[in-house]
There are 2 protein chains.
Amino acid sequence: MAALKAVAPDGTFTTGPDTVERLLTPGEVARIFGVDPKTVNRWALTGRIPSVRTPSGQRRYRQSDIGALLNG
Amino acid sequence: MAALKAVAPDGTFTTGPDTVERLLTPGEVARIFGVDPKTVNRWALTGRIPSVRTPSGQRRYRQSDIGALLNG
DNA sequence: TGAGAGTAGGGTAATTGGGGCT
DNA sequence: TGTGTCCCAATTACCCTACTCT
């Protein structure tokens, strides 16, 4: 995984020359797919989508990963 | 391939400058047309309706596609 | 410090996909 | 050919309580 380079006011951050990332909450991902937030958590538990954990245990999802799922 | 940009509280999300999307479940589409969910499933299989797949394989339908069918 | 929204768990009922049949 | 129905396994939604974040 690339090193963290910069953080923008809107929450996006860069990890490489042309890499812009943003983390989505379970609720946001759920609304995108039209499913329950618990379902998104289940996808993470079963390894269907990568997830990032906050120090307190909550899950966050990379915007790029979700976008890839929407496009096949 | 449009990149995911933002997610609204009502479930709509944008993939481009003027693109707003929302995904519907097979049951919702079935109730709209007054048919069995299986029939909606077949419409997707025969290519009559574009469909988006969840990571687990279930189908979701773009509200814009359904609206286009209702108006055409 | 308190209020409200969101999230993580678990448990159970409902929905979905697929094949086959009508 | 298109649709509805039955079956089964897998997946998801809704119920609850507790914890986290704004």
Side-chain angles (χ1 to χ4, degrees), chain A residues 1-16 19-72, chain B residues 1-16 19-72:
Chain A
M1 146 127 198
L4 182 61
K5 298 211 167 189
V7 183
D10 63 354
T12 58
F13 58 92
T14 57
T15 54
T19 306
V20 178
E21 291 287 349
R22 187 169 102 74
L23 295 185
L24 303 177
T25 64
E28 288 177 317
V29 178
R31 286 191 290 271
I32 290 174
F33 285 99
V35 298
D36 192 90
K38 302 294 285 298
T39 299
V40 179
N41 290 347
R42 204 175 300 109
W43 291 344
L45 287 174
T46 55
R48 288 193 160 100
I49 56 176
S51 66
V52 180
R53 285 273 199 163
T54 67
S56 62
Q58 295 193 352
R59 296 185 182 85
R60 296 287 119 97
Y61 304 91
R62 295 184 184 283
Q63 189 180 44
S64 57
D65 290 332
I66 305 304
L69 289 175
L70 286 175
N71 298 323
Chain B
M1 111 156 193
L4 181 60
K5 299 221 167 195
V7 185
D10 63 355
T12 58
F13 60 94
T14 58
T15 53
T19 307
V20 177
E21 295 287 351
R22 182 168 183 277
L23 297 184
L24 304 176
T25 65
E28 288 176 319
V29 178
R31 283 190 291 272
I32 290 176
F33 287 100
V35 297
D36 192 271
K38 285 285 192 178
T39 299
V40 180
N41 186 329
R42 294 193 183 97
W43 290 346
L45 287 174
T46 56
R48 295 174 185 273
I49 306 181
S51 64
V52 179
R53 292 280 203 156
T54 65
S56 62
Q58 295 198 355
R59 296 183 183 84
R60 297 286 120 101
Y61 304 92
R62 296 182 190 279
Q63 191 178 41
S64 57
D65 290 332
I66 305 304
L69 289 174
L70 290 174
N71 300 325

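Chain letters run A, B, ... following the sequence lines, proteins first and then strands; every chain starts at 1. Since the model is a prediction, treat every value here as computed from it, not as a measurement.
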| message | Quick one, T54(B) with R48(A), criterion side-chain contact (heavy atoms from CB on, under 4.5 Å). Give me CA distance, side-chain angles, the key distance, then yes/no. | response | CA-CA 10 Å; T54(B) 65; R48(A) 288 193 160 100; over 6 Å; no
Please report the distance, rounded to the nearest Å, between [atom1] in [X] and [atom2] in [N].
{"X": "I32(A)", "N": "dT12(D)", "atom1": "CD1", "atom2": "P", "answer": "16 Å"}
{"X": "F33(B)", "N": "dG4(D)", "atom1": "CZ", "atom2": "P", "answer": "13 Å"}
{"X": "R31(A)", "N": "dA5(C)", "atom1": "CZ", "atom2": "C1'", "answer": "11 Å"}
{"X": "L24(B)", "N": "dA13(D)", "atom1": "CG", "atom2": "P", "answer": "13 Å"}
{"X": "L45(A)", "N": "dT7(C)", "atom1": "CG", "atom2": "C1'", "answer": "13 Å"}
{"X": "E28(B)", "N": "dA14(C)", "atom1": "CD", "atom2": "C1'", "answer": "14 Å"}

| query | If you look at every strand shown and take non-hydrogen atoms under 4.0 Å, does P26(A) touch a base, only sugar-phosphate, or nothing? | reply | sugar-phosphate
For the student: nearest non-hydrogen atoms of [X] and [Y], plus distance:
{"X": "L45(A)", "Y": "R59(A)", "answer": "CD2-NH2, 3.3 Å"}
{"X": "V29(B)", "Y": "L24(B)", "answer": "CG2-CB, 4.0 Å"}
{"X": "L23(A)", "Y": "E28(A)", "answer": "O-OE1, 4.3 Å"}

| Nearest-nucleotide 5' precedence on DNA chain D, T39(B) against W43(A) |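 Closer to the 5' end of DNA chain D: T39(B).
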| task | Would you kindly compare V35(B) and R48(A) by the position of their nearest DNA chain D nucleotide and give the one closer to the 5′ end? | result |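 Looking at DNA chain D, the more 5' nearest nucleotide goes with V35(B).
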Using a cut-off of less than 4.0 Å, is there contact between a side-chain N or O of [X] and OP1 or OP2 of [N]?
{"X": "T25(A)", "N": "dT7(C)", "result": "yes"}
{"X": "R53(B)", "N": "dG17(C)", "result": "no"}
{"X": "R59(B)", "N": "dG18(C)", "result": "yes"}

| task | Step by step, work out the side-chain contact (heavy atoms from CB on, under 4.5 Å) result for R53(A) and Q58(A). | result | CA-CA 6 Å; R53(A) 285 273 199 163; Q58(A) 295 193 352; over 6 Å; no
| remark: Between its two end axes (five pairs each) the helix from dA3(C)-dT22(D) to dG19(C)-dC6(D) turns, nearest 10 degrees, through 60°
| task | Going 5' to 3' through nucleotides 14-22 of chain D, assign each nucleotide B (protein heavy atom under 4.0 Å from a base atom), S (under 4.0 Å only from sugar-phosphate atoms) or - (no protein heavy atom that close). | result | ------SS-
| task | Test side-chain contact (heavy atoms from CB on, under 4.5 Å) on F33(A) and V40(A) and set out the steps. | result | CA-CA 9 Å; F33(A) 285 99; V40(A) 179; 5.8 Å; no
| request: Show your working on side-chain contact (heavy atoms from CB on, under 4.5 Å) between I66(B) and I49(B) and close with a plain yes or no. | output: CA-CA 8 Å; I66(B) 305 304; I49(B) 306 181; 4.2 Å; yes
| task | Evaluate ring-ring contact (aromatic ring centres under 6.0 Å, His included) for W43(A) paired with Y61(A), printing each intermediate quantity in order. | result | CA-CA 11 Å; W43(A) 291 344; Y61(A) 304 91; 8.7 Å; no
